Participant: 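Below is one structure. I have some questions about it.
Worth knowing before you read on, the calculation uses all heavy atoms, side chains too, and leaves out hydrogens, waters and symmetry mates. On a predicted model such as this, the values are computed, not experimentally measured, just so you know.
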Amino acid sequence: PVYIGTINYAYYTSIVNKVLGGASVEFNQAAYDLIGYYGNDFKYSRTLSSMNISLFAGDEVIMGKVGIYFMAGVYLLNPRKDAPMYVKIGANYYFVSVGKNKNTKFFIGSNLKTHFFVAQFYEMCAGVAF
């Protein structure tokens, strides 16, 4: 598995479109296990060598409760020397808005992460937008 934590800011340009930007941290369990098996030839620790830290920007088109998005990102920390940039395309499903002002939305989604047209992995996600 690859564990990912993301934080971003979204700005609605219209009722059906938003642009977003943020940061992401990934921990790749397979890389961690492989480094443990073969030894660490990296200048970072085993844990840090299994991580990627990146900045990204994207756009999401919202149609009812479904949002289709495209994101492009660049790595700030990339110890395994993956390609320096990546692209994610995917979809989110937003549940009913909750909270005092009805601004909080829980969502689930899925996307595909690629490095220059070579797929790295397919991911499932869950989160909250407020």
Side-chain angles (χ1 to χ4, degrees):
V2 178
Y3 302 100
I4 303 170
T6 301
I7 187 164
N8 70 50
Y9 176 77
Y11 177 77
Y12 283 86
T13 58
S14 72
I15 196 167
V16 296
N17 190 44
K18 66 180 174 180
V19 294
L20 49 102
S24 181
V25 176
E26 297 178 5
F27 176 78
N28 189 324
Q29 184 68 48
Y32 182 82
D33 293 341
L34 194 64
I35 291 168
Y37 183 74
Y38 286 110
N40 190 354
D41 294 336
F42 301 101
K43 65 180 180 179
Y44 302 109
S45 69
R46 180 178 174 192
T47 302
L48 199 56
S49 295
S50 303
M51 297 175 72
N52 287 336
I53 299 174
S54 63
L55 295 176
F56 63 86
D59 187 69
E60 183 173 15
V61 176
I62 301 168
M63 299 168 286
K65 292 185 177 188
V66 176
I68 308 295
Y69 63 88
F70 172 86
M71 291 190 302
V74 61
Y75 291 116
L76 300 177
L77 174 68
N78 186 10
R80 294 182 315 279
K81 304 299 180 206
D82 294 330
M85 295 178 62
Y86 65 89
V87 172
K88 286 185 180 183
I89 55 173
N92 288 331
Y93 177 81
Y94 293 95
F95 294 101
V96 177
S97 299
V98 297
K100 184 178 179 181
N101 296 327
K102 302 287 185 191
N103 290 335
T104 304
K105 297 179 187 176
F106 292 94
F107 67 89
I108 58 172
S110 64
N111 64 56
L112 179 68
K113 181 178 178 186
T114 66
H115 290 101
F116 299 109
F117 302 106
V118 176
Q120 183 180 17
F121 55 76
Y122 170 78
E123 64 185 27
M124 301 294 292
C125 60
V128 61
F130 51 89

Participant: How about I108 and F95: do any of their side-chain heavy atoms sit closer than 4.5 Å?
Facilitator: yes

Participant: Is the shortest heavy-atom distance from the side chain of K113 to the side chain of E26 under 4.5 Å?
Facilitator: yes

Participant: Which atoms form the tightest heavy-atom contact between A119 and T114, and what is the distance?
Facilitator: CA-CG2, 3.9 Å

Participant: Taking it one step at a time, do N92 and C125 satisfy side chain to side chain contact (heavy atoms under 4.5 Å, CB included)?
Facilitator: CA-CA 9 Å; N92 288 331; C125 60; 3.9 Å; yes

Participant: Could you check if a side-chain atom of S24 sits within less than 4.5 angstrom of a side-chain atom of I4, using non-hydrogen atoms only?
Facilitator: yes

Participant: Between I35 and S50, what is the shortest heavy-atom contact and its length?
Facilitator: CD1-OG, 3.9 Å

Participant: Output the distance between atom CG (N28) and atom CE (M51), rounded to the nearest 0.5 Å.
Facilitator: 11.0 Å

Participant: Is it the case that one hydrophobic cluster holds both V19 and Y9, taking links as side-chain heavy atoms less than 4.5 Å apart, direct or via other members?
Facilitator: yes

Participant: For Y122, does the OH atom sit with more than 12 other heavy atoms under 6.0 Å from it, leaving out its own atoms?
Facilitator: yes

Participant: Parallel under 30°, tilted from 30 to 60°, perpendicular over 60°: which one fits the rings of F27 and Y3?
Facilitator: parallel

Participant: Do other residues, nucleotides or ligands put more than 12 heavy atoms under 6.0 Å from the OH atom of Y69?
Facilitator: yes

Participant: At what distance, to the nearest 0.5 angstrom, does CG of N52 lie from OH of Y86?
Facilitator: 9.0 Å

Participant: About how many Å separate CG of L55 and OH of Y75, when rounded to the nearest 0.5 Å?
Facilitator: 12.0 Å

Participant: Side-chain heavy atoms under 4.5 angstrom apart, residues restricted to Ile, Leu, Val, Met, Phe, Trp, Tyr: same cluster for V128 and I7?
Facilitator: no

Participant: Find the distance between OG (S49) and CG (L34) and round it off to the nearest 0.5 Å.
Facilitator: 11.5 Å

Participant: Restricting to non-hydrogen atoms, name the atom on M85 and the atom on H115 that form the minimum distance, rounded to 0.1 Å.
Facilitator: O-CD2, 3.1 Å

Participant: Are any non-hydrogen side-chain atoms of F70 and D59 less than 4.5 angstrom apart?
Facilitator: no

Participant: In Å and rounded to the nearest 0.5 Å, what is the CZ to CZ distance from F130 to F106?
Facilitator: 10.0 Å

Participant: Are side-chain heavy atoms of Y93 and S110 found at a separation under 4.5 Å?
Facilitator: no

Participant: How far does CG of L48 sit from OH of Y32, to the nearest 0.5 angstrom?
Facilitator: 12.0 Å

Participant: Which atoms form the tightest heavy-atom contact between A10 and K18, and what is the distance?
Facilitator: CB-CD, 3.8 Å

Participant: Taking all non-hydrogen atoms of both residues, which atom of N111 and which atom of K88 are closest, and how far apart?
Facilitator: OD1-CD, 4.0 Å

Participant: I68 versus M63: any side-chain heavy-atom pair under 4.5 Å?
Facilitator: yes

Participant: With a 4.5 Å cut-off on side-chain heavy atoms, are F56 and T6 touching?
Facilitator: yes

Participant: Would the number of heavy atoms belonging to other residues, nucleotides or ligands and lying under 6.0 Å from OH of Y37 be above 12?
Facilitator: no

